[in-house]
Structures are given as structure tokens and as C-alpha cells.
Amino acid sequence: MLNLAVEQALNGLQLGVTLFLLAAGLTLIFGIMGVINIAHGSLYMIGAFFCAATLAATKSFLLALLAGIGGAALAGMLMEMLVMRRLYARDHLDQVLATFGLSLCVNEAFSIVFGQRPLYVDIPPWLAGSVEVVAGVPYPTYRLAIVVVGLLVALGLYLLISHTRIGMLVRAGSTHRDMVRALGVDVRLLYTLVFGLGALLAGLAGLMAGPVYTVQVGMGEQILILTFVVVVIGGLGSIRGAFLAAMIVGLVDTALRAFVPPWLKTFMEASAADALGGGLSSLGIYLLMALVLLVKPRGLLPAHG
Amino acid sequence: MAETRALRALGLIVLVALLALPAVAHFAKDPAWISLVTRMLIYAIAAVSLDLILGYGGLACFGHAAFYGLGGYTVAILFHHARSSEVLWGLIPGSTQFLVTVPAAMLVGGVVAAAIGALSLRTAGVQFLMITLAFAQMLFFLFSSIATYGGNDGMTVRRRNEMPGLDLRDDTVFYYLVLALLLLALWAGRRLVRSRFGMVIGGIRQNERRMAAIGIDTYRYKLAAFVIAGMGGALAGALMVNHARFVSPDMMHWTKSGEFMVMVILGGAASLIGPVLGAVTLVGLEDLLGQIPKWGEHRMFAIGAILVLVVLFGKGGLWGWIARRLSRGGDG
Amino acid sequence: MILARTLFSAALAVGPLSLAHAQAPVKIGFVSTLSGPAGYLGQDIRDAFLLAMEREGGNRLGGVPVQLVVEDDGLKPGAAKQIVDRFLKTERIRVVTGVVFSHLAVSIVPDVVDTGALFLSPNAGPSNFAGKECHKNYFVYSWQNDALHESAGALANNLGYKNAFVLAANYQAGKDAVAGFKRLFKGKIVEEVYTKLDQTDFAAEMARIRAAKPDVVYQFHPGGTGIAFLKQYAQAGLNAQIPMVGAEPMLDVATLRAVGDTALGLNVGVKWNTDFDNPESRDFVAAFQKKYNRVPSYYAGQGWDTAQALAAALRVVGSDNPDKLAAELRKANFKSIRGPFRFGPNQHPVQDWYQVQPVKNADGSLSLKTVGKILAGHGDAFSKDCKL
Amino acid sequence: MAEPLLRAIDLVKAFGGLMATDHLSLDVGEGEVHALIGPNGAGKTTIVGQLVGELRPDSGRIEFAGEDLGALSPPARLLRGLARTFQISQLLLDDTAADNVALAVQARAGHSFRFWRDARADPRLRDEARRHLVDVGLGAVADRRAADLSHGQHKQLELAVALASRPRLLLLDEPMAGLGPTETQAMIGLLAGLKGRVTMLLIEHDMEAVFALADLVTVLASGRLIASGPPARIRDDPLVRDAYLGDGDA
């Protein structure tokens with residue numbers, strides 16, 4: 001039982017860091033530019049596709065990694081310069097609509113170029129296999145690597161934001177947007193860079209998810225809604241909030257799936273417990289978000305004030 | 001004043017065209033137009049009702065499909081029970097009467113909207129957007145797992161509802177009924193947005209703080225608007241299930257909520273004609289682009305691009321654009 | 001805005017009003033899911049159908065000139081309804097086919113058969129129309145959905161497993177799949193797990209499987225989620241410890257390519273495979289590979305069989321008279337790539353089911369190898385309720 | 001003198017470590033004009049927020065006409081006769097000036113759950129709205145969109161909207177802010193005309209206006225009351241000159 005709990009905790013952590021990588025970019029972009037970006041899921045897909053295609057062509061994991069994050073970052077900056085820039089002054093509805101349109105375009109373009117069949121991505125051989133974390137619990141090395149990378153990125157983001165000049169601007173930008181403009185900073189460049197950073201993180205999440213999930217057109221939209229849940233629970237614009245919420249969502253979601261059906265079975269008939277458990281775990285995260293918002297309408301750690 | 005005259009003339013032409021459509025379609029041996037336009041008009045009802053809160057009230061609701069789907073399921077479930085003559089929860093008998101099922105659907109939509117709205121309206125802005133989405137997704141998953149009503153596959157409603165004196169199974173009759181209901185909804189909407197209540201809703205969109213400062217408890221008004229919109233969405237869903245003779249959880253999926261938002265903003269929010277235009281354009285585009293051989297399956301690329309361009313360059317949506325052209329024409 | 005206007009008028013130019021012209025060839029309405037993540041399924045069926053027409057010298061089936069009107073439903077029931085409405089009313093099409101997904105079939109089949117037209121399903125076989133609501137104009141060339149998963153249950157019996165851990169996506173088709181598996185599986189169900197429909201991470205389920213230590217795992221997850229499940233099963237090291245069985249949709253050629261070597265060791269119940277040793281199958285596989293440069297999936301196989309069945313009926317009838325065609329179709333007088341093929345009383349297939357396994361070819365690629373028969377002449381559980 | 005109309009008793013409000021309101025007590029008698037002045041950051045806006053109910057004091061009490069306002073919401077306070085104008089105009093910019101005022105008339109008349117009749121064609125609303133607009137000198141622009149009016153006209157419109165609530169006490173949050181000399185004179189004239197009819201709590205920077213209008217002046221610095229009394233005394237109070245008038249802010 002303890003072994004199972006350890007394994008499930010790791011699983012929750014791994015889902016949590018994947019969500020965090022996506023949510024960090026989304027919430028950063030919202031915090032600084034005030035934009036809701038529905039096309040963020042497309043950046044995740046771009047990272048996974050560029051990585052898969054490069055890997056298939058060159059067989060080099062390093063090149064594939066660079067192509068994935070570089071491609072996503074470039075795509076993000078391009079997106080910012082061509083479309084997003086014109087949306088900063090608009091209301092959220094216009095932003096949702098335009099970025100939704102953008103995601104349709106990007107997805108369809110990828111399905112024209114790459115086709116709709118899922119692509120294959122292998123795990124680097126040195127990350128294949130399992131590690132015994134606790135005695136008797138073999139855990140996939142690759143998933144551990146995702147957890148480590150995710151935590152390192154979180155640490156890096158923390159250092160970047162609390163100890164560098166760009167970070168200072170980012171922090172100031174998320175609480176006093178006008179002040180940053182007044183500081184004489186090249187705001188346009190800052191915005192493009194921040195967007196590129198968010199895209200890079202999404203691309204990284206996408207390429208790491210490739211060998212575990214499915215590399216396919218539309219993969220971004222599937223996880224996007226969950227990412228929005230994380231961002232909103234954490235408090236829009238707050239990276240610390242996104243980290244906290246990603247961990248909570250990852251752990252709660254995993255725990256619901258892992259422990260609720262067996263628990264229900266202790267006092268219910270088995271097949272009814274399975275059905276109810278399945279339903280509860282489907283609803284769980286949305287219920288969690290609704291509850292959090294009812295108690296704290298601005299999320300757990302809101303960025304503004 | 002040339003502007004209003006031009007608008008009146010345009011409205012009259014459109015109305016005549018809509019009235020003549022069945023005859024023209026039959027004459028052209030192309031009766032499928034009737035059901036295509038019926039579908040557009042039903043979506044228009046959903047979009048207009050969403051516009052009441054989204055456009056006029058400034059409340060970004062991302063869960064309108066929940067009410068649309070509930071309206072549809074109400075009709076389908078009542079039909080199901082009328083057919084099997086089982087009584088729902090031991091007290092509600094089934095029905096196939098249009099005049100029973102559609103008001104019932106609106107009632108259900110209104111009651112659920114009151115519940116969802118009462119909770120959601122405690123938040124605002126993006127949080128409101130997300131919490132309405134969350135409630136809609138919960139309903140989606142709920143209906144996806146009710147085996148009795150078809151689960152994810154949905155269920156067929158083998159016959160349209162009945163109405164004394166009208167043969168609703170006739171597509172032309174049903175078309176005119178939907179057209180009449182849309183016109184009724186537009187007329188009611190026009191009265192509503194100009195009423196005292198409508199003034200308050202418009203005021204809340206522009207400046208909620210101001211409304212509180214003149215003594216208006218904005219929460220109650222937003223909730224009332226939310227309920228009315230929910231009933232409108234349920235009406236559209238009830239009509240759609242009658243039209244399509246089929247219901248499925250797809251009607252509640254978040255992408256459907258997104259489509260409704262697209263219709264409103266594409267057509268022009270905070271106007272009554274805008275959402276109608278948006279519904280007609282979006283459904284028409286998808287249908288017509290889909291018929292292009294070979295490239296039709298990539299139509300979402302064009303639709304996505306159009307959305308981006310309309311938002312970036314077409315202020316006020318299609319209706320805003322038309323209104324500007326007309327007024328420019330009137331000036332020169 | 002100009003772009004929108006241009007596109008709209010371009011679209012109008014090919015719109016329905018202009019399509020209503022001379023009626024020489026028999027029109028066949030093909031509505032399928034061609035766009036979006038699941039689009040390749042519909043494309044395979046369409047390509048096989050077109051191949052069948054081309055093999056008769058172009059635009060012919062059973063010697064009769066035909067025109068295939070292809071449209072994409074985008075996986076939306078509403079759009080599918082609209083397309084079918086246009087097929088039936090404007091184009092006066094009497095034969096409709098193509099549909100991949102059950103819930104789309106459920107939404108349009110009544111429209112088609114109520115107007116007296118024929119519906120030939122190349123893939124979807126929902127229980128809705130297999131029992132009491134079966135119809136004389138409705139034919140299924142793939143399977144009844146439950147029968148598909150029954151094959152996996154029987155396969156688990158044949159392999160001698162005594163207890164099974166079953167998982168399926170939490171929606172109706174998933175529950176039907178579990179019901180189908182359980183109907184024939186004689187062992188004990190250790191645990192029954194329903195996953196979220198849009199779930200991509202199955203780590204929690206992997207841990208539960210490991211803890212439960214079943215003889216065998218059976219799972220059904222549609223599309224991309226199924227691929228994710230297989231990859232994660234292997235990455236958790238489970239495929240070395242606990243064998244897995246599944247039904248045909250678990251492992252088609254596209255899935256096989258996407259999961260790679262991790263598929264090795266799986267056992268799958270199928271009704272047809274590319275290595276079947278009969279002239280029709282060999283001929284089809286070779287022709288498909290030559291034309292499209294890829295291995296045909298079982299979806300393609302079903303599309304081909306549907307086209308062959310229609311061709312056989314058209315050859316006798318010579319027109320699209322639905323009643324005469326239905327009478328001919330009911331005889332199922334065509335050469336299926338599966339070998340013997342006949343209909344049950346509900347016009348769903350009664351057929352043999354086989355066990356296949358992924359194997360590694362000399363060049364490192366993977367293919368599916370048939371290793372034995374699971375069930376012979378297997379119909380479905382609903383046909384007894386059908387009174388035709 | 002009778003019971004004051006508004007009493008703030010020992011209000012405390014802190015944001016983090018910052019004391020925005022530091023044990024402040026304040027009375028406004030019926031019919032008087034009480035001015036509240038103080039340098040930027042003295043905590044004037046925070047007081048307004050607590051009085052109208054947008055902010056909750058950490059401790060202390062607010063009484064209006066003998067009733068403890070407690071946790072009443074801003075709308076509930078307005079219906080008891082406590083109206084306010086905003087320092088930064090909060091107007092419905094898409095609507096006409098008359099619409100802005102008519103809404104306040106409508107709100108005062110009770111609930112607005114009337115869904116059918118055209119509100120703009122309702123003489124009960126329009127006539128009164130027009131009267132208030134004429135009162136503040138906006139009669140000529142009643143049918144212009146608020147967005148198209150000048151800054152000074154916005155300030156006048158704010159006043160008309162507040163008057164439409166027929167308040168017993170009018171909380172004026174810097175009505176002269178951003179006005180030119182002539183506009184300021186006009187506004188002072190307007191307010192002087194109201195004096196005696198409506199009790200006013202005037203938060204203002206413009207000393208000329210304060211000394212022209214106020215019966216009593218209270219001076220705040222860093223959230224604390226440092227002086228209170230008739231204008232003449234305040235003008236000569238060395239403490240006030242030091243804390244406020246001396247810093248060049250006026």
C-alpha cells in the first residue's frame with residue numbers, strides 16, 4: 001500500500017510538472033500582456049511535431065530537442081509579432097476568438113503538411129527502462145526525467161524572475177503594466193521575448209510528452225483545457241500560483257483515479273463503484289476549480305494585489 | 001437618416017427572401033436548403049440568447065452549450081419516456097407535444113442557469129469564463145455516462161414533436177415555425193434591451209462600479225439575464241433536437257460553446273442582428289467550404305484565418321462592418 | 001473581409017445549386033470523418049472505395065457507372081445530418097456509406113432508411129440498430145461493436161487467462177466494449193476501471209494494474225488515447241510482466257507505427273489481417289500498397305469489402321433502385337477479403353475472428369501476423385431481437 | 001445640535017503594514033458642508049471607500065442617520081441616502097448624458113425588473129433626468145453620448161447622476177480635480193447652490209473651493225486626523241500649514 005502511494009505520488013508529480021510547463025507560459029503571457037492565448041496548445045503541438053520530425057530525419061536526440069524548443073519559441077515569437085501584438089488593447093472575448101482562429105489555422109496547416117496519422121517518437125536509449133525508487137517500485141526513468149526537468153525549469157524560472165533585470169520587469173509588468181511602459185523599456189521587445197519564453201516552455205512540455213502521449217494534430221487542445229484550469233486555480237498571472245495549482249491538480253487528479261474506486265468498493269458493489277469512481281474522476285478537476293473559485297474568486301495566489 | 005432607410009430596405013429584402021426560401025428551394029429542386037437555413041436560424045436563436053449576456057451584459061460565458069444541450073436532452077428524454085411509457089423518477093410522464101416539451105426545455109434551461117449563474121456570478125472576467133466552462137464540462141461528462149439516454153453515442157428521436165394544427169414533420173412547416181420563433185425572439189430581445197432591465201444590463205457592462213453607486217444590486221440583474229439567456233439556449237437546443245431528431249453530449253461540448261461565442265463576435269456583439277449574421281455565416285461557410293472537392297476537408301484553415309482577420313480588422317464584427325458601409329453610403 | 005467574401009463566393013460556385021445536373025451515373029453518397037485527428041480513418045475507407053472503382057476501369061462498380069460524392073462530417077453530428085439531407089433531397093442519392101463513428105451513424109441512419117434509401121456501414125456497428133431497431137435498408141460490413149470486443153474475451157479464454165483487469169474510456173462505447181469482453185470471458189474480473197474520455201496520462205492506472213497483478217489486461221481507448229496507453233504500459237515495464245489482449249481498434253497499422261516496438265507481445269482479436277492467404281486479400285493489399293504507398297489498415301479493408309458488396313449488387317440490378325439493391329445486398333454474394341462472409345438476421349456480419357500478434361520484420365519495421373483462429377461463424381448478441 | 005447625519009467612529013484600515021486609516025472619527029451634521037483635506041496619500045480615498053461600503057474597516061463603526069451601516073453593500077447604502085461622485089468619472093460612456101441620469105432615477109424608484117416597456121420613452125424617467133441635467137448646466141447636451149463630453153462636463157454629469165438619487169448626504173470625491181479655472185468657478189457655484197438642500201462631505205485638493213464652501217474642515221495626514229474646525233481656524237493652524245499647505249501640494 002505504501003509502495004502504491006509512493007508510485008502514485010510520483011505520477012501526480014509528473015502530471016503536475018507537465019501541466020506547470022504549459023501553465024507557466026500561459027499565465028506569464030496573461031500576467032504581462034493581459035492576453036488569453038487559446039493557441040498555446042498549438043505551441044505544445046509544434047514542439048512535439050518538430051521534435052518528432054527532426055528525430056525521424058536525423059536520428060539525433062540533441063537536434064530533435066533543439067528543433068522542438070527552438071521551433072516552438074520561434075513560432076511563438078512569430079505569432080506575437082503577427083497577431084498577438086494587435087490584441088493587447090482588446091477585450092478578452094476578442095482575444096479568445098482570434099487565438100481560437102489561430103489555433104484552427106495552425107492545426108490545419110500541420111495536418112496538411114504532416115497528415116493526420118500519429119507520429120512515432122522514441123525515448124532516448126539512456127532514458128529507457130526503469131529505476132527502483134523505493135524497494136519493489138520500479139518507476140520509468142523517462143518519467144523521472146520529466147519530473148526533474150520540470151522542477152529544474154521551475155527553479156530556473158524562479159531565479160530568472162526574482163534575480164534578473166528581465167525578471168524585475170516581468171514582475172513589475174504583472175502588477176503595474178503602465179509602470180514598465182513608463183520606465184522606457186522597449187516594451188515591444190520585452191513582450192516578444194516573454195511570448196517566446198512561454199512558447200519555449202510549451203514546446204518543451206510538448207516534446208517531452210511526445211514519447212509518453214500521442215504526437216498528433218489536436219494534441220494541444222486536449223491538454224489546453226486542463227492547463228486553463230491550472231492557471232485559473234493558481235490565480236491568473238501568478239507563476240507561483242501556477243506551480244502550486246499544477247501540483248495540486250496533478251496530485252488530486254491522480255489520487256482520484258487511483259484511490260477513489262478502491263475506496264468506494266469497500267462499501268459498494270464492485271461494478272457500481274467502478275462506474276461511480278470513473279464519473280467522479282472525470283468531474284473531479286472541474287469540481288475542484290469551481291470550489292476554489294467560489295471560495296477564492298481570484299484563485300489561490302492572485303498576482304495583482 | 002439614409003442609414004435607417006437603407007437598413008429597413010435591407011431588412012425587408014432579407015425577410016422576403018426568408019419567407020420565399022422554401023418555394024424557391026423546391027422550384028430549384030434543391031430542398032436541402034430548407035434544412036440548412038433551418039439549422040442556421042436555430043443556431044441564430046442560441047447566439048442571440050448568448051449575446052444578451054455576452055454582448056449586452058459583458059459577461060464572457062463559455063458554457064452556453066450546457067443550456068443548449070439541456071434543452072435538447074429535455075425534448076429527447078420526454079420523447080423517450082413517452083415512447084416507452086415509463087414514468088421519469090416516478091412522477092414525470094413523457095410527452096411528444098411540442099407545446100409541452102419546448103416550454104419544459106426552457107424551464108429546465110432556466111432552472112439550471114439559475115443554479116450555475118448563482119455560483120458563477122460571484123466571479124468575474126476570465127474566472128467567470130472558466131467557471132462557466134467547468135460547469136458545462138461537468139454536464140458534458142455527466143450525460144456522456146448516462147447509459148439509459150445513449151451515453152456518448154446519444155440517442156435518436158425517431159419523430160418530431162407534434163403540434164395541433166401543424167404538421168411539424170413537414171420540413172417547410174417546421175422551417176416557418178423556427179423562423180417565427182426567431183423573429184419572436186428578436187422582437188422580445190429588442191423590447192428587453194430597451195427596457196429598464198435592459199438599461200441596467202447595458203450599464204453593468206459599461207461600468208459595474210457606477211451601477212452599484214446608483215443603488216443597483218448588480219448581482220441580481222446579472223443572474224436574471226443569465227437565466228433568460230439559459231432559457232434561450234435551451235429553446236434553441238429543443239428546436240435542434242426536433243430538427244435533427246438526434247441528441248448527443250456533443251451538444252454540450254466546450255467546442256460548441258466556443259462556436260456560439262464565435263457566432264456572436266463574428267457577427268457583431270451587442271446587437272440583435274449581429275449574432276444572426278454570425279450564425280448564418282459560420283454554418284454557411286462550414287457547409288459550403290466543405291463541398292469543395294479535396295480541399296474541403298481543410299476548410300478549418302480558411303475559417304480560422306477568417307476569424308483572425310475579422311477580429312483584427314473588422315471592428316464590431318460583420319454587422320459593424322455592414323452598418324459602417326451603409327452609413328458611409330448614406331453620407332456620400 | 002475581402003478574403004471572406006472571395007472564399008464565400010468561391011464556395012457558392014461549387015455549392016449545391018450548381019451540382020444538380022445530369023443524372024447519368026449512379027451517385028453514391030460518401031460521408032465520413034476526413035478532417036481532424038481521426039481523419040485518417042475516413043480517408044482509408046475512401047481510398048479503398050476509390051481503388052475499387054479505379055480497378056474497374058475508373059468510376060464504375062459492378063460495371064455500372066458510378067459517381068462517389070465525398071463529404072467530410074468533421075466528426076460533428078450536425079454537419080453529418082446536413083450532408084445527408086443534401087444527399088437525399090438535393091442529389092437524390094439512394095445509397096449512403098462512409099461513416100466511421102458510431103454516434104454519427106446513430107444520428108443519420110434513421111434519416112437515410114426512413115426515406116427508403118440504403119445505408120452501408122463500412123465501420124460503425126452500434127447496438128442501437130442491431131436489435132429491435134434493425135432495418136431492411138441498413139447493412140454493416142465491419143462488425144457489431146460488441147462482437148468486436150467479444151473476440152477479445154474469447155481470445156483471453158483461449159490463452160488460458162483466469163482473471164483480467166479491464167479498462168475502458170468512460171463513455172458509452174467504452175462501457176459496451178467492457179460488456180462485450182465480459183460476455184465471453186469466462187475468468188474473473190479483478191478490477192474494472194473507467195478512464196476519462198480525454199485522459200492522456202495513465203500512470204495512475206498503471207500503478208493500479210501493477211498492484212492488482214492480474215493474469216491479463218484488456219483495454220479499449222479510442223484513437224490517440226489508445227496510443228498513449230500502449231506506450232505508457234510499456235514504459236511502466238508492464239508489458240514484460242502482464243500480457244495484454246485487445247480488439248482490432250487497439251492496434252491498426254497507424255497505431256502500430258506510432259507505438260513502435262512497444263507493441264511487441266500484444267494479442268489482438270481481428271476479423272481480417274493483411275497477411276490473409278486468399279486471392280482477394282492478396283490482390284487488395286498489393287493494389288492498395290501500389291497506389292497509395294502504404295499498408296492498408298483494417299478500415300481500408302472494410303471500405304474495400306463494402307465497395308465489393310455494392311458492386312456485386314449493382315452488377316445484378318444495374319441501377320440504384322433501393323429495394324432491388326437491398327434484396328441483392330442481403331445475399332452478400334461477393335468475395336470478401338476475409339474469406340467466407342455472410343449476414344446474420346440483422347444484416348450484420350457473421351464471421352470468423354483471428355488472433356494476431358505484432359512481429360518485427362527483417363528491416364526493423366513492424367507488421368501484424370495472424371497466428372490462429374479465435375471464433376468461427378460468430379454473430380452478435382442482438383440479432384435475436386431483430387425481426388426482419 | 002441634533003444627532004449628526006453621518007458618524008464615523010474610530011475607523012481603522014490597514015493594507016499590509018501601511019495604516020491607511022488610523023483611528024479616525026468624523027461627524028457630519030445635517031445640512032452642513034464638511035470638507036476633508038490632506039496631502040496625497042493621506043488616506044482620503046480609503047475613507048471614501050469605507051463610507052460607501054466598497055471597503056470594510058478593520059475596526060470601528062459607521063453610523064448614518066442613527067443606523068449602523070455595518071456590512072451593508074454600496075447599493076444598500078445608496079438607498080438609505082448616501083450618494084457619491086467619483087474622483088475619476090465612472091460614467092456609462094456609450095450612453096447619452098440623459099441615459100446616465102435616467103438610470104439613477106430608475107434605480108432610486110425601486111427595482112428595475114421591468115422587461116418590456118421602452119425605458120427611453122418613459123416620461124417619469126426622462127423628465128426628472130432632464131431637470132437634474134438642467135440643474136447642473138448640462139441641459140443643452142442631454143442627448144449627447146457621454147464619451148463625447150468634455151472632462152468638465154463629465155464632472156457635472158457625475159454630480160447630476162448623484163443628485164438623481166435624491167441623497168441626504170453627498171460624498172464628493174474631488175469634484176474639481178482636473179478642472180480649469182473657469183470650470184472650477186462654475187462647479188463652486190453649482191455646489192454653493194446646493195448648500196442647505198443637501199448635506200455634503202467634500203474631499204478636495206483645491207483650497208479655494210474648500211474655503212469658499214465648507215462649514216467645517218478636517219485635515220488628514222498619514223491616515224490620522226490632525227486638525228478639525230472652521231475654515232478660518234484651519235487656515236491659521238501651524239500644524240496644518242506644516243503638514244499640508246507647506247509641502248507645495250496645494
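First the proteins, then the strands, lettered A, B, ... as listed; each starts at 1. Quantities reported herein were computed from a predicted structural model and do not represent experimental measurements.
Applying the side chain to side chain contact (heavy atoms under 4.5 Å, CB included) criterion to B:Ala136, with sequence neighbours excluded, gives B:Ala66. For A:Ala290, the side chain to side chain contact (heavy atoms under 4.5 Å, CB included) partners are B:Ile131, B:Phe135, B:Met138, not counting sequence neighbours. The side chain to side chain contact (heavy atoms under 4.5 Å, CB included) check on B:Ala224 picks up B:Phe197, D:Phe113, with sequence neighbours excluded.
Within the 4.5 angstrom heavy-atom criterion, atoms from both the backbone and the side chain of A:Leu294 approach chain B. For a residue to count as touching a neighbouring chain, one of its non-hydrogen atoms must lie under 4.5 Å from one of that chain's; by this rule A:Leu287 touches chain B with backbone and side chain alike. With a 4.5 angstrom heavy-atom cutoff, A:Val232 touches chain B only via side-chain atoms.
One finds the CG atom of A:Leu102 at 10.5 Å from the CG atom of B:Leu307 (value rounded to the nearest 0.5 Å). Atoms CZ and CG, from B:Phe140 and A:Leu283 in turn, are 11.5 Å apart once rounded to the nearest 0.5 Å.
Of the listed residues A:Ile36, A:Ile285, A:Ile38, A:Leu97, the one with more heavy-atom pairs under 4.5 angstrom with chain B than any other is A:Leu97. Of the listed residues (B:Met261, B:Met300, B:Met130), the greatest number of heavy-atom pairs within a distance under 4.5 Å of chain A belongs to B:Met130. Of all the listed residues (A:Ile225, A:Val231, A:Val83), the one sharing the greatest number of non-hydrogen pairs under 4.5 Å with chain B is A:Ile225. Residue with the most contacts toward chain A among B:Leu266, B:Val262, B:Val264, B:Leu142: B:Val262 (heavy-atom pairs, distance under 4.5 Å).
Residues B:Leu133 and A:Val229 have side chains not in contact (no heavy-atom distance under 4.5 Å, counting atoms from C-beta outward). A heavy-atom distance below 4.5 Å is not found between the side chains of A:Leu104 and B:Val308.
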Short donor-acceptor contacts under 3.5 Å linking chain A with chain B:
{"unit_1": "A:Arg90", "atom_1": "NH1", "unit_2": "B:Val311", "atom_2": "O", "d": "2.8"}
{"unit_1": "A:Arg90", "atom_1": "NH2", "unit_2": "B:Val311", "atom_2": "O", "d": "3.0"}
{"unit_1": "A:Arg90", "atom_1": "NH2", "unit_2": "B:Leu312", "atom_2": "O", "d": "3.0"}
{"unit_1": "A:Glu108", "atom_1": "OE2", "unit_2": "B:His298", "atom_2": "ND1", "d": "2.7"}
{"unit_1": "A:Leu294", "atom_1": "O", "unit_2": "B:Arg122", "atom_2": "NH2", "d": "3.2"}

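Scanning both residues, B:Ala305 and A:Cys105, for their nearest heavy atoms gives N-SG, 3.2 Å. Residues B:Val311 and A:Leu87 share a closest heavy-atom pair of CG1-CD2, 4.0 Å.
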Trace of the side chain to side chain contact (heavy atoms under 4.5 Å, CB included) decision for B:Phe128 with A:Leu293: CA-CA 9 Å; B:Phe128 178 75; A:Leu293 287 186; over 6 Å; no
